[in-house]
Amino acid sequence: MKLPAPRELLIPAVILAFGLLAPVLAPSYRGQMAFLWVMIVFALTWDLLGGQMGYNSFGNILFFGVGMYACVVVQRDLHLGYYAALFLGMGVGALLAVAVGALIGSGLLGLRGHYFGMVPPLFPGAVGGRETFFYYLSFALAVVTFPVLRFLYAGRFGLAINAIRDDEDKAEAMGLRTTRYKTTAWCVSAFFLGLMGGVVGNLVGFIDPREVAFAGSTFGVWMVLMAILGGKGTLWGPVLGAAIFHVTKELFWTYLLGWQRVALGLLIVVIVVFFPRGILGWARERWPERFGQRVDEPASEAGR
């Protein structure tokens, strides 16, 4: 297995250092920064289907909500202590989300309401400790999600889902079991979204079906836009798009109070109209040599 060059490790090292030190350097923004890692997981998991495989789904928010409710039900009903119940609930939520993805995915992907509010248990630590704990937990999930997807994309699985994106009929004619790969991709997304649902439910402190758990008009749409903004179908594009989108959104909510939704709507229009291939796609077209693409010299220069 080829080891990455030192230059390729620079950006992950900087991100890792930032993630570890951010709560210490800016303790007042721990909640907002925790949601930055949530957004990154949103974008990465959506891009697995929407970018790498070419299936633009708005249904991923279902797995997030399932994981959130499952986690809090375990915390509420099993008296195991806060941390034991939290991690058990996150695991149950992830497995349940995967089960839902496998159950409905094999049917839906083979084809060409209201819920109650809940309050998770009180965090047992000191004042301010809840934000720090869930910041690092969301950071850890983002750190795990990225290399897992990188590993999957680098092997046969990545080649298979890219073949589905390029021409599903041809891939199926060549013997690729496309429905199996599509369902597997959906289950991978469901797993990480189910885990993150438990984190966000406890971080927010109240689970509302429309505004938090199954918030298709916000989280469900944002995960698509973040992947498109950064460059869908790339590994780093969703990370870049999530960071830019989340920071911009927080600035709108801070300095454009009353007009923040209008500004966010304009941002969405700008993303769709001016960045259809994303920032990385635009950069790759403008500076292809920096992305390892060979640039042929013009014929007039080649003859000199």
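Small disclaimer: the values here were computed from a predicted structure and weren't measured.
Annotation: the span from Leu141 atom CG to Leu193 atom CG amounts to 10.5 Å, rounded to 0.5 Å. With rounding to the nearest 0.5 angstrom, the CE atom of Met53 is 9.5 Å from the OG1 atom of Thr178. The distance from the CZ atom of Phe123 to the CG atom of Leu86 is 9.0 Å, given to the nearest 0.5 Å. Atom CD of Gln32 sits about 9.0 Å away from atom NZ of Lys249, to the nearest 0.5 Å.
In plain terms, the two heavy atoms of Leu44 and Leu235 that are nearest each other are CD2-O, 3.7 Å. Shortest non-hydrogen contact noted between Trp37 and Ser138 is CB-O, 3.6 Å. The minimum heavy-atom distance between Ala26 and Met33, with the atom names listed, is O-CE, 3.4 Å. The minimum heavy-atom distance between Gly93 and Ala70, with the atom names listed, is CA-CB, 3.7 Å. Residues Leu48 and Ser189 approach most closely at CD2-OG, 3.5 Å, considering heavy atoms. Between Phe139 and Ile15, the shortest heavy-atom contact is CE1-O, 4.3 Å.
Counting only heavy atoms from C-beta outward, the side chains of Val200 and Phe64 approach each other to under 4.5 Å. Counting only heavy atoms from C-beta outward, the side chains of Val148 and Phe192 approach each other to under 4.5 Å. Residues Glu172 and Leu176 have side chains not in contact (no heavy-atom distance under 4.5 Å, counting atoms from C-beta outward). Proximity of Val100 to Trp186: side-chain heavy atoms (C-beta onward) are nowhere separated by under 4.5 Å. Residues Trp259 and Leu266 are not in side-chain contact: their nearest non-hydrogen atoms beyond the backbone lie 4.5 Å or more apart.
Side-chain atoms of Arg130 come within 3.5 Å of backbone atoms of Asn202 as a donor-acceptor pair (strictly under, hydrogens ignored). A donor-acceptor pair under 3.5 Å links the side-chain atoms of Tyr136 to the main chain of Leu20, judged by distance alone. Without hydrogens or angle criteria, Tyr135 side chain to Gly19 main chain gives a donor-acceptor distance under 3.5 Å. Arg30 places a side-chain N or O within 3.5 Å of a backbone atom of Pro27 that can act as its donor or acceptor partner. Looking only at distances, no side-chain donor or acceptor of Asp47 sits under 3.5 Å from a matching main-chain atom of Gly50.
Environment of CG in Leu122: sparse, with no more than 12 heavy atoms of neighbouring residues, nucleotides or ligands closer than 6.0 Å. Counting heavy-atom neighbours within 6.0 Å of Tyr29 OH, excluding the residue itself, gives a total of 12 or less.
Val247 is not connected to Leu280 by any chain of hydrophobic side-chain contacts under 4.5 Å among Ile, Leu, Val, Met, Phe, Trp and Tyr, and they are in different clusters. Leu251 and Trp253 fall into different hydrophobic clusters, where Ile, Leu, Val, Met, Phe, Trp and Tyr side chains are chained together by heavy-atom contacts under 4.5 Å. Linking Ile, Leu, Val, Met, Phe, Trp and Tyr whenever their side-chain heavy atoms come within less than 4.5 Å leaves Phe35 and Leu25 in two separate clusters. Val144 and Leu95 are members of different hydrophobic clusters when ILVMFWY side chains are connected at heavy-atom separations under 4.5 Å. Note: the hydrophobic cluster containing Leu16 also contains Trp236 (ILVMFWY, side chain heavy atoms under 4.5 Å, direct or indirect links).
A salt bridge links Lys182 and Glu168; the closest N-O separation between the charged side-chain nitrogens and carboxylate oxygens is under 4.0 Å.
Applying the 4.5 Å side-chain rule to ILVMFWY residues, one finds Leu78, Leu80, Leu88, Val92 in the same cluster as Val74.
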Taking only distance into account, with no hydrogens and no angle test, what donor-acceptor pairs under 3.5 Å do side-chain atoms of residues 153-165 form with protein atoms, sequence neighbours excluded?
from   : atom 1 : to     : atom 2 : distance (Å)
Arg156 : NE     : Tyr181 : OH     : 3.2
Asn162 : ND2    : Gln52  : O      : 2.8
Asn162 : ND2    : Gln52  : OE1    : 3.2
Arg165 : NH1    : Gly51  : O      : 3.2

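With Phe219 as the partner, the ring-ring contact (aromatic ring centres under 6.0 Å, His included) test is satisfied by one option alone out of Phe63, Phe42, Trp46, Phe245: Phe42.
Every residue meeting the side chain to side chain contact (heavy atoms under 4.5 Å, CB included) condition with Ala43, not counting sequence neighbours, appears here in chain and number order: Met226, Pro238, Ala242.
Checked against the 6.0 Å centroid criterion, the rings of Tyr82 and Phe133 do not qualify as a close aromatic pair.
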- Message: Applying side chain to side chain contact (heavy atoms under 4.5 Å, CB included) to Leu240 and Thr234, what does each step give before you reach the verdict?
- Response: CA-CA 10 Å; Leu240 177 63; Thr234 65; over 6 Å; no
